[in-house]
Amino acid sequence: SSTTRVLCATVVDEKSHFDGKVGPASAKWPTQLYFSDKAGLPVSSAEIADVYPGVNIRRTLLMPVLDGLETPLVIDLVHANGQAAHQYDLPLHFSGHIMEHSFTPERYVSARPVLGEANGYQHIWVDGIARVKGDGGALTWILDGRFYTYRFASTSPLDVILGESGANDPDFNLRREPLLMLRGKTAAAGDISFASLLEAHGSYDGAAEQTLDSRSLVSGFEHARIEGIDLIRLTLKSGQRYAIAVSHNPDPDAEHSVVADGRSITWKGFAAAIALDGEGTTQ
């Protein structure tokens, strides 16, 4: 899609996957843990343990269709477990013009620092960095008359980096594209999780000078990790509330239950989209 290009892979300690070596990379691939093309809730989940020594990375993508939203959502869950302290970067490369953001970055307007020294980091200008808590934030941009909002949260505090490709480019032939990078760190061996949501909404018609739903139709986004289960809770502007629950258990008959804010949420199988107010669709 031209909206995001690709949700790029997690980068550990600013190093290329497999140290940038083609041979080892070609010999390894992720293990598919679960896949479903069920209407209303497609899911794909996979993991790999060989990209970085001592680090296991699991990624799960879901596309729930929810009443009250005009398009499916894309929910991205990334879990990494390392045997030592590490820095984890999750970049989002997108095209378009930023409309608004919920965080307050330190802005570099007179001089743009470079993000790093090697492995592609030397080609990224830094426009701003914000420190946010685990409950995360949001960024909205416009592209070709359509609005997009990216929401994110983590199990640890994050640095949110706004940048652009094109640094250290003496021949001026690198594509200039914006990016948002989520950066989390662990002080010792342990886990880190990123949860994000991509929503397409509204439209802008320049000829008619008309704007519809330029702001996200999702008003609340919460992520909790409860005994290995991922729970995403969404609140729409209409007041409708949903839970996206992921057990990571591929058994379709296995029953699961979590308690969040005093409320029990139950479902069967790997994942489910649950209407919390008794209205709307349940997948």
Could you state whether [X] and [Y] fall into the same hydrophobic cluster, counting links through intermediate Ile, Leu, Val, Met, Phe, Trp or Tyr residues with side-chain heavy atoms under 4.5 angstrom apart?
| X | Y | value |
| --- | --- | --- |
| L179 | M99 | no |
| I142 | F94 | no |
| I229 | L33 | no |
| I226 | I274 | yes |
| L182 | I98 | yes |

Do [X] side-chain atoms and [Y] backbone N/O form a donor-acceptor pair below 3.5 Å?
| X | Y | result |
| --- | --- | --- |
| N168 | Q122 | yes |
| S102 | A138 | yes |
| W141 | T149 | no |
| Q210 | A208 | no |
| D205 | A207 | yes |
| E177 | E164 | no |
| S219 | T235 | yes |
| T10 | L90 | no |
| S247 | F270 | yes |
| T71 | A200 | yes |

Measuring from [X]:[atom1] to [Y]:[atom2], what's the distance to the nearest 0.5 Å?
| X | Y | atom1 | atom2 | answer |
| --- | --- | --- | --- | --- |
| I75 | L197 | CD1 | CG | 5.5 Å |
| L231 | I265 | CG | CD1 | 4.5 Å |
| T140 | E199 | OG1 | CD | 8.0 Å |
| Y204 | D213 | OH | CG | 15.5 Å |
| L92 | S196 | CG | OG | 7.5 Å |
| E70 | S203 | CD | OG | 7.5 Å |

| Neighbour count above 12 (heavy atom, 6.0 Å) for R215 CZ | no
| said: Could you check whether atom CD of Q32 has more than 12 heavy atoms from other residues, nucleotides or ligands sitting under 6.0 Å from it? | reply: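 Enclosed: over 12 neighbouring heavy atoms sit under 6.0 Å from CD of Q32.
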With the side chain counted from C-beta on, respond yes when [X] and [Y] share a heavy-atom pair under 4.5 Å apart, and no when they do not.
| X | Y | result |
| --- | --- | --- |
| L73 | L66 | yes |
| P30 | R58 | no |
| L62 | V246 | yes |
| L77 | F194 | no |
| Y52 | Y88 | no |
| V160 | M181 | no |
| P113 | V126 | yes |
| L162 | F103 | yes |

| request: Before giving the answer on side chain to side chain contact (heavy atoms under 4.5 Å, CB included), spell out for D253 and K268 the whole-Å C-alpha distance, their side-chain angles and the decisive distance to 0.1 Å. | output: CA-CA 6 Å; D253 297 319; K268 291 176 65 175; 4.2 Å; yes
| task | Take R183 and E14 through the side chain to side chain contact (heavy atoms under 4.5 Å, CB included) test and state the conclusion after the steps. | result | CA-CA 10 Å; R183 170 169 289 178; E14 296 190 21; 3.2 Å; yes
| said: Taking side chain to side chain donor-acceptor pair (under 3.5 Å) as the criterion, tell me which of E100, H201, R151 meets it with S216. | reply: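 So the option named by the test is R151.
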| Between V43 and Y34, does a side chain to side chain contact (heavy atoms under 4.5 Å, CB included) hold up when you go through it step by step? | CA-CA 7 Å; V43 182; Y34 181 80; 3.9 Å; yes
Mind listing the closest non-hydrogen atom pair of [X] and [Y] along with its distance?
| X | Y | value |
| --- | --- | --- |
| A272 | L41 | CA-CD2, 3.7 Å |
| A273 | P64 | CB-CB, 4.5 Å |
| A167 | V114 | CB-CG2, 4.1 Å |
| G239 | D277 | O-OD2, 3.5 Å |
| R146 | G202 | NH1-O, 2.7 Å |
| A153 | H223 | CB-CB, 4.2 Å |

Donor on one side chain, acceptor on other, [X] and [Y], under 3.5 Å:
| X | Y | value |
| --- | --- | --- |
| S44 | R59 | no |
| N56 | H79 | no |
| H86 | T186 | no |
| Q240 | Y242 | yes |
| D230 | H248 | yes |

| task | Walk me through it: do D67 and L69 pass the test side chain to side chain contact (heavy atoms under 4.5 Å, CB included)? | result | CA-CA 6 Å; D67 288 348; L69 296 177; over 6 Å; no
| said: My understanding is that only residues two or more places apart in sequence, or in another chain, count here; which of them pass side-chain contact (heavy atoms from CB on, under 4.5 Å) with S257? | reply: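 For S257 the side-chain contact (heavy atoms from CB on, under 4.5 Å) partners, ignoring immediate neighbours, are S264, T266.
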| note | Residue pairs passing the side chain to side chain donor-acceptor pair (under 3.5 Å) test with at least one member in residues 126-138, sequence neighbours excluded, are R112-D127, R131-D159
| task | Quick one: do R233 and D261 satisfy salt bridge (Lys or Arg N to Asp or Glu O under 4.0 Å)? Show the steps, please. | result | CA-CA 11 Å; R233 284 175 293 173; D261 295 334; 2.6 Å; yes
| request: Output, in order, the C-alpha distance, side-chain angles, deciding distance and verdict of side chain to side chain donor-acceptor pair (under 3.5 Å) for D89 and Y121. | output: CA-CA 11 Å; D89 291 338; Y121 283 78; 2.6 Å; yes
